[in-house]
S.K.: 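Please read through the structure below; I'll follow up with questions.
Position 1 is the first residue of the sequence; numbering continues from there. Atoms within a ligand are numbered from 1 in the order they appear, just like the ligands themselves.
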Amino acid sequence: MSGAQHTRLGSQALLTIDLDALVANWRAIAARVAPAQCAAVVKADAYGIGLVPAAQALSSAGCASFFVAHVAEAVRLRTALGDAPAQIYCLNGVSDDAAEIQALLGAQAFPVIGSSHEWSVWLKHAPCHEAALHIDTGMNRLGMSAQEAQAIAATPEAACVALVLSHFASSEERENPMNAAQIGAFDAVRQLFSNARASLANSSGVFLPTAPHYDLVRAGYALYGGNPTPDAPNPMQSVVGVQAPIIQVRNVEAGAMVGYNSTWRAPSPRRLATIGIGYADGLLRSASGTQGNPAAQVYLGDTPCPVVGRISMDLSVIDVTEAPVKEACPGAMVELLGAHISVEDLAACANTIGYEILTSLSRRYFRQYVGG
Ligand SMILES: *Cc1c(COP(=O)(O)O)cnc(C)c1O
């Protein structure tokens with residue numbers, strides 16, 4: 001790509017994506033669910049890490065099914081995969097827009113049909129083309145009722161249904177009774193389509209004790225290193241690293257105030273460092289720690305350093321008083337995600353979930369892909 005930048009400039013923050021870890025995570029889930037297969041959910045630019053490199057690495061490793069949300073993502077994905085035989089499913093289905101359906105067919109992708117209305121739209125534009133059906137089993141977001149599915153099952157066009165799927169509302173809560181209720185509802189509907197494959201589990205669903213793997217699991221978050229079992233240690237390898245450079249270091253007196261609206265006051269003389277990363281990079285402003293949450297921490301070497309004051313667009317300030325003086329110097333890199341700080345750690349400080357941390361990673365980083 002002309003104009004692509006090949007080396008990081010000194011003041012740029014660095015996003016490192018470990019494609020070997022991504023592939024290892026896919027292999028681990030594929031082995032766990034075999035003989036079911038593991039599809040990769042690569043919507044939202046593969047949760048922020050980059051659709052093209054992620055899908056190419058997974059496809060080379062043998063992943064043969066991919067889920068995206070939008071038709072435009074399916075088009076990009078098909079181009080990235082080239083000749084590799086891969087099934088692509090669009091979770092958001094299709095609208096009654098002939099151009100969109102042509103784009104979907106051109107990408108040889110399958111819509112995930114979420115209502116009987118959408119099913120009739122699909123049959124009108126693309127008769128006899130295979131599709132997936134999304135059955136609602138309690139989330140009330142996308143998907144048709146069991147009754148709607150039953151009506152479709154009674155028609156000759158039911159033969160076009162290649163995959164029946166549903167989605168868990170709370171699979172990361174292994175004790176939540178809704179999981180068993182959704183499995184029961186799904187079991188009843190999938191019997192109606194005996195020739196179709198069945199799919200229910202997302203990342204956390206894979207790890208439920210009842211192993212509701214069916215024919216295909218749809219893993220997203222866990223592939224990207226997120227913890228699918230929040231109550232237990234993370235079984236996945238870390239994929240995403242974020243580092244930012246120190247730009248300035250200063251000593252302040254007790255009582256000195258930091259950042260917009262002076263939300264932090266130095267309790268004693270402190271040594272502060274300004275780092276080149278802010279909310280425009282995806283370091284959410286809510287991780288400033290001014291709303292009753294602990295502020296985000298970064299690591300300088302092995303020393304945790306809290307963020308102080310408000311995170312601003314391009315900059316944040318950290319307290320490096322506890323770090324060795326010679327480490328806290330302009331140009332030194334601090335860790336925001338990596339060996340010491342998980343996606344879930346940062347999410348907790350920002351009052352959100354790891355999924356939002358990943359999908360907020362901005363385009364401004366210098367991106368470094370390793371392995372793959
Ligand atoms: C996003 C999504 C997934 C993937 O979920 P993870 O928790 O990231 O594994 C699976 N299925 C559907 C329908 C989704 O929308």
S.K.: Could you check whether Tyr355 and Tyr224 have their ring centres less than 6.0 Å apart?
M.R.: no
S.K.: For ligand 1, what are the residues with a heavy-atom contact below 4.0 Å?
M.R.: Val41, Lys43, Tyr47, Leu91, Arg141, His167, Asn202, Ser203, Arg218, Ala219, Gly220, Tyr221, Tyr355
S.K.: Search all heavy atoms of Leu81 against all heavy atoms of Ser59 and return the closest pair with its distance.
M.R.: CD2-CB, 3.6 Å
S.K.: Side chains of residues 188-197: which donor-acceptor partners sit under 3.5 Å, not counting sequence neighbours?
M.R.:
from, atom 1, to, atom 2, distance (Å)
Gln191, NE2, Asp187, O, 3.2
Arg197, NH1, Gln37, OE1, 3.2
Arg197, NH2, Gln87, OE1, 3.1

S.K.: Hey, could you give me each pair passing salt bridge (Lys or Arg N to Asp or Glu O under 4.0 Å) that has a residue in residues 65-88? Not counting sequence neighbours.
M.R.: Asp45-Arg76
S.K.: By the side chain to side chain donor-acceptor pair (under 3.5 Å) test, which pairs, at least two apart or in different chains, include something from residues 105-121?
M.R.: Ser116-Glu148
S.K.: What heavy-atom pair brings Ser166 and Asp136 nearest, and what distance separates the two atoms?
M.R.: OG-C, 4.3 Å
